[in-house]
J.: 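This structure is in structure tokens; I'll ask about it shortly.
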Amino acid sequence: MANFLAQFQSIKSSCDHLIIAGTRAHTKEQKKKFTHPSSGIKSSCCICNLNFHHECFPVEDVSDLWPLVKKGFEERLPFKRACLNNKTRNPVFVEKLPAEYILTTDARLRSRFPHELALFWFREPYATVILVTCEDLDEFKTILKPRLKLLVQNDEREWFIVFVSKAPPHNDQATKMAKKVYAKLEVDFSSKKRERCCKLDIHGLEINFWEDLESKITECIRNTLDRRVQFYEDEIRKLSEQRFLPVWNFCNFFILKESLAFMFEMSHLHEDSLREYDELELCYLETGKHRDFGGMDRGDDHAALLNPGNKPLMQIVQDDSFREFEFRQYLFASQAKLLFKLNRPFEVASRGYSFIIGFSKSLVLHESILPFCMREVWIITACMDLIKATASHYSDGLVAPDIEKEFYRVQGDLYSLCRIKFMRLAYLIGYGANIERSPANSASLSMLPWPKPAVWPSVPPDASSEVLVKEKMILQATPRVKHFGIQRKQLPLEPSVLLREANRRRASLSAGNVFELFDGRSGFNNGSGPELRMSPAPKAHAIAISRTNSTPGNFESSIDRPMRLAEIYVAAEHALQTTISDPDLWKSLSSLAEFEQKYLELSKGAADNYNRSWWKRHGVVLDGEIAAVCYKHGNFDLAAKSYEKVCALYAGEGWQDLLAEVLPNLAECQKILNDQAGYLSSCVRLLSLDKGLFLTKERQLFQSEVVRLAHSEMKHPVPLDVSSLITFSGNSGPPLELCDGDPGTLSVTVWSGFPDDITLESLSLTLTATHNADEGIKAIRSSGATILKPGRNTITLSLPPQKPGSYVLGVLTGQIGQLRFRSHNFSRGGPADSDDLMSYEKPTRPILKVFKPRSLVDLAAAVSSAFLINEPQWVGIIVTPINYSLKGAVLHIDTGPGLRIEESHVIEMERYSNTSENADCSKNDGCTVAEELTRMTLKDGRVELPDWANKITSVLWVPVCAISDGLAQGTSADSKTLLFWLSNPHLKFSALIDRTLAVHFTDPFHVSTRVADKCDDGTLLLQVILHSQVKASVTIYDAWLDLQDGFAHSGECDGRPTSAFFPLVVSPTSRAAILFSICLGTTVTKDDVKAMRSDSILNITYGITGDRALGAHTPVPMEPIGPEDAQRLTFKSAIVLQQPVLDPCLALGFLPLPLSDLRVGQLVTMKWRVERLKYFEENAVLGNNDEILYEVDANTEHWMIAGRKRGHVPLSMKKGSRIEISVLCLPLIAGYVRPPQLGLPRVDDTNISCNPPGPHLVCVLPPALSSSFCIPA
Amino acid sequence: MATTACFMIVSRNDIPIYEAEVGTAPKKEDAAHQHQFILHAALDIVQDLAWTTSAMFLKAIDRFNDLAVSVYFIHTRLMLLHDSRNDDGIKTFFQEVHELYIKILLNPLYLPGSRITSSQFDTKVRALARKYL
């Protein structure tokens, strides 16, 4: 059946031919015409067939109806909307289904054997349209009807009749007749199931006719198609069942399957057609072994995967078996054609890529029989074709975004694949030195095995000159030196050494001979391929060249000896030349410049497409390859831009190994472009990469570059970001705490990533307030240059006073030479970004806390009890720092009135112990006291606190003397004030500590007196009671009384009590008494009254033993004096003694109450009698001598007084005159109450004699029960 | 045991936080570079796939000549470049490494997303590779 292939293809191609001829319809036209034999009969029919559709038209009588209606029929082609059934019998609407009408007499139909071969059924007409016209009923019955019956019965095709009425509209007769004939026609040929007739009125309106016609034609086509599909399917099924029988022939299956596919394709059911091809491909692959692979023809190296008509089918079939090479390409081409028709270029690309990958595997299997590098060439051309075709069919924006993305991705893949194969070919012919040894290229090429021809091509006989050229090229090729002199093994571009591989594959050599190639050079090892090629031993070359020079003709014999590299290149070049049929591709490999152009084109294509597909990593890497080419051609600007993209990607994702490959290149570009800022930043990035990636020497070079630039005159100095290189953090532990307004020093840890010491001309650090953004940022500066060692450094910065708040570290800035730099980084080790869910917010640990103003120190008096007045006393001031250092603080002391500080004396300061017991202990323990007792001098009221008292509570003892001029009156305990304030010239206190302390000064004793006894002889025993007022034991050594006038000491004594009493020790707060015996002295004359001393003075000599920590104590010795004298103190106190009044001038008597009992609510009259006992001279001074003032004093809660409580009553001046004062009183409460008292305010109590005296208490009874309240009125 | 295998943990931000050459093939200086390059390029595919699948283990998402890249999605990505076809072994390897990685995460001193420098982890990963790959 393979014989039919030729016919099959010719049928197909004739279809193709018609399409090309301009109808655009994939149809063939056949036309069949029946003319009635008798020309007199006015009836005719015409049948028009088409492959898809047919249509019949009326012919006017014998003459053709077709010319009459042809225009109308063909105008309505293609069919606008045809409903067809697909393979699964589901309706599919096909837009613009093309069709053609042909006459049945057409030669094309005639030349064919009807139904000769069911296989080619697809090209048969789809329906028959019978055009009839008839104007006479009889004629219809006798002639037309039998003929029509004959036509219809013989034809298995779908058919229908179009009745053309030519009756003019004004001719009713003709119209009627036409109607009758048509009615008859309908009766005869239409059935209930199917309407097979329609009527075209040429002269009438034809509105409905065309729609009717189209629907009828569509129906016919659908039916025909269904039937044919059914037929093909049955046939295919039959064949499929026999698949595993020996008689099975793939060719038959192929013809059936493709016929079906072709039929679908013609019906515009592309989806179904595509499915058929897919099934066909599957079936082909499943059938397994195919005898011949193919691909040996000239031109086969150029992929034909988009050109189904590349080769006639007969050429690709051999012994009923298709050759894989051609047939698979043919199938793919057919699929691609359909996909393009379906407007799915993306699918072509993605299927194509898979096809190329799959197909290249098949090529590998047959590589040994194919021409040298055929596989590579095929892939290159396939990729290029595919890219070109899909890109031209693809229009942006018409597909979903993800499809678009995928499309570009596949395009990128195709470009990339093509690029790799192209590089491989270029390497084989010696352009390897021009291929960048980047990780991308290296990974692609070094993992790609060499081509494996059966025999490696050998050098053609007359190629000696070419070999020389290649030799020269090898010699001239200078290995790309890495910038900065980085010593890094170059990445390989070859899976194994080409030299060895090529020679091994030559028939005449075995692998063992390879060592001869190197002239016994030692150190050859397998892994050092690139080096081997790049730097061959001079000796080896010397030999090779000399040999070449001396005997150029010996290339002929090169078959027997191993080929040298140049020879391999030449041999490969010649072999490729024979393989490659595409002149463009060969041109790309013909010279270095062409190669680079093509290489650039492929790289750019791949990069662009990957970038468009958002595969940024693939894309950017290729950008790097482009950059390498740009760099080579001196296009540093473009190179730098591309390299920057690559570096940004790698740096952003932290792939440092890869970054270390590219970054030096970028730096070099920037250096050449004199982009100082960029160059510096690249150097910094190089330095901040992992230390293991570069040698120390290289890192030092980077640093020296930075320093060199920093100290040179930079045109546009820009701040350099060294965040990755110089990092900093606060010291661990709690933050530094300062008070508002205080300066301090801040210690910061700075890590330097430089390999050597680096000198920073300046360094400053900003502090940011954590909760107050308005505060702004304050920079603190370190003074002078700083040298950072590699690794950890501790920098101390002096901190000016800050506002209250909490501060974190901000930015580190500084200068290296002229170069300003800044670093934002807090600490090492953490990830640089923060959008990772799991990465923690960098804790903004405050480094400094400045507190709001508060009391920093407390000043208090150490002793609350009184001190001795008029004596220098140690006044203790407790200085308590409150979480604050008092280092360098100065205490100012100012005294209040009446106080004097003994400035000449030292001031003592000691540690304060809270309990007195501790104080005792510390006293006993001399060492501790000695350590913490400091003596200082007061200057201008200021004293500096010692260092040890920075943080601890201490007591400052100041000698203070309270001065009281007057004599103690016995009861006073003076309160004096001391004014202190603390300041610090270094620590500037935000608020001066200003404190006023009250200190009590007092006399040692409170003195009171009383007359203890009055003797008969007029001697009075005066008891002087001494009440100790200090918390110290006072020893009284002596006491004497200087009496006032009018009194005299009785007896012989000199005013001292018995001396045996002394010394008398008075304990704190206890009392002692001294008795003095005195008597009234002589009365003084009136002249002496003025000079008279009005009070007596008590003199006491005493000593005091006390602790200054408790209160009064031994006065501070102002001058060195004897111990005994020092203890003797004198205390003087004034005592007033009064002589008694012996005869009062008034007598006040309380007259007995008139009633026996007093009751509440009952009025009672109180009466007093006042009697003048003698004339009272003192009253003469006052005006009203004859009256006296009285006043009744009563408790208002107990008594209600009626009448005047206070008033004057007349009383004669004469001795013995008397008067009665009566006051009406009302008791208010019951019980014993004090009665109202009468007083005489203007008369001294001593001059009043109460006789008889009034009662202290009187009894008041409750009110008597009153029955009258109970009696009803 | 696989002759070539390069294991890598890549953080969510595509930063490599751990890498180990765990193949039996003799160490080549340049291999690490190439492997890094291949794995880095495979991230393009990983980023696309991460949103389309709920499976954790995806085998051979990318092929590079004879090598394949398999990925195990956790909140980071465990990526393995390998030439072996032992899918079960690779899956088990990933699961075991996942356990180890969780233990690393539990370490309060380890900041998630930073480089894993634990030598114990390294030793265990290599042992697992010997066992399963």
Side-chain angles (χ1 to χ4, degrees), chain A residues 357 402 405-406 409 412 416 420 437-449 488-492 495 526-527 529-530 610 613-622 649-650 652-661 690 827-840 842, chain B residues 4 6 8-19 21 25-48 51-52 62-69 74-77 81 83 101-102 104-106 108-117:
Chain A
I357 297 292
D402 53 335
K405 208 175 122 186
E406 277 292 284
R409 204 256 303 154
S416 181
I420 291 166
R437 289 171 177 267
S438 62
N441 286 348
S442 170
S444 306
L445 289 179
S446 71
M447 295 185 191
L448 188 70
R488 185 77 65 85
K489 207 174 111 177
Q490 285 193 307
L491 296 173
N526 196 15
Y610 277 135
S613 79
W614 303 356
W615 272 24
K616 55 175 180 178
R617 295 178 190 84
H618 282 76
V620 166
V621 164
L622 288 164
L649 177 79
Y650 286 149
E653 301 189 342
W655 292 68
Q656 299 209 343
D657 287 38
L658 299 177
L659 184 58
E661 282 284 325
D690 272 354
S827 58
R828 283 178 95 83
D833 34 47
S834 56
D835 60 333
D836 192 330
L837 279 177
M838 292 291 286
S839 83
Y840 296 169
K842 212 162 271 158
Chain B
T4 304
C6 178
M8 198 172 260
I9 301 180
V10 180
S11 80
R12 272 171 50 87
N13 302 312
D14 304 327
I15 300 170
I17 56 176
Y18 173 79
E19 62 172 300
E21 289 286 340
K27 287 261 159 32
K28 271 203 257 174
E29 203 184 314
D30 41 349
H33 259 96
Q34 294 172 349
H35 293 167
Q36 276 216 3
F37 165 74
I38 296 168
L39 284 171
H40 180 252
L43 284 177
D44 272 335
I45 301 162
V46 168
Q47 78 178 15
D48 285 352
W51 300 101
T52 59
D62 189 18
R63 290 194 182 278
F64 197 92
N65 294 326
D66 294 332
L67 302 174
V69 180
I74 43 180
H75 83 275
T76 57
R77 287 102 195 221
L81 178 73
D83 58 359
Y101 178 64
I102 288 171
I104 286 282
L105 280 184
L106 289 175
L109 298 179
Y110 172 73
L111 183 68
S114 64
R115 209 167 254 281
I116 299 174
T117 49

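Keep in mind the model is a prediction, meaning the values are calculated, not measured. Chain naming here is simple, since letters A, B, ... match the order of the sequence lines and numbering starts at 1 in each.
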J.: Does A:Trp615 reach the side chain of B:Ile45, with side-chain heavy atoms less than 4.5 Å apart?
T.: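 Yes, side chains in contact.
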
J.: Under 4.5 Å from any heavy atom of chain A, what part of B:Asp48 do you find: side chain, backbone, both or neither?
T.: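 Side chain of B:Asp48 only, per the 4.5 Å heavy-atom cut-off to chain A.
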
J.: Is chain A contacted by the side chain of B:Ile38, its backbone, both, or neither, given a heavy-atom distance below 4.5 Å?
T.: side chain

J.: Does any heavy atom of chain B fall under 4.5 Å from the side chain of A:Tyr650, the backbone, both, or neither of them?
T.: side chain

J.: Would you say that more than 12 heavy atoms from the other residues, nucleotides or ligands in this model lie under 6.0 Å from the CG of B:Asp66, or not?
T.: no

J.: Taking all atoms of both residues into account, what is the closest heavy-atom pair of B:His33 and A:Asp657, and its distance?
T.: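 Of all heavy-atom pairs spanning B:His33 and A:Asp657, the closest is NE2-O, 3.4 Å.
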
J.: I'd like to know if the side chain of B:Asp14 and the backbone of A:Glu653 have a donor-acceptor N/O pair within less than 3.5 Å.
T.: no

J.: Counting only non-hydrogen atoms closer than 4.5 Å, does A:Ser444 touch chain B with its backbone (N, CA, C, O), its side chain (CB onward), both, or neither?
T.: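 A:Ser444 touches chain B through backbone and side-chain heavy atoms alike.
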
J.: Answer whether the closest heavy-atom distance between the side chains of B:Gln36 and A:Pro439 falls below 4.5 Å.
T.: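 Contact flag for B:Gln36/A:Pro439 side chains = no.
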
J.: Between B:Gln34 and A:Ser446, is the side chain to side chain contact (heavy atoms under 4.5 Å, CB included) condition met? List the steps.
T.: CA-CA 9 Å; B:Gln34 294 172 349; A:Ser446 71; 2.9 Å; yes

J.: Chain B heavy atoms under 4.5 Å from A:Lys616: which part of the residue, side chain, backbone, both or neither?
T.: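 Both parts, backbone and side chain.
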
J.: Testing the basics here: between A:His618 and B:Ala41, what is the closest heavy-atom pair and its distance to 0.1 Å?
T.: CE1-O, 3.0 Å

J.: Please give me the minimum heavy-atom distance between B:Leu43 and A:Trp655, naming the atom from each residue.
T.: CD1-CZ2, 3.6 Å

J.: Where do A:Ala443 and B:Phe64 come nearest, in terms of heavy atoms and distance?
T.: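 Shortest heavy-atom contact: O-CE2, 3.1 Å.
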
J.: As an exercise, state the distance from CZ of B:Arg115 to CG of A:Asp690, rounded to the nearest 0.5 Å.
T.: 5.5 Å

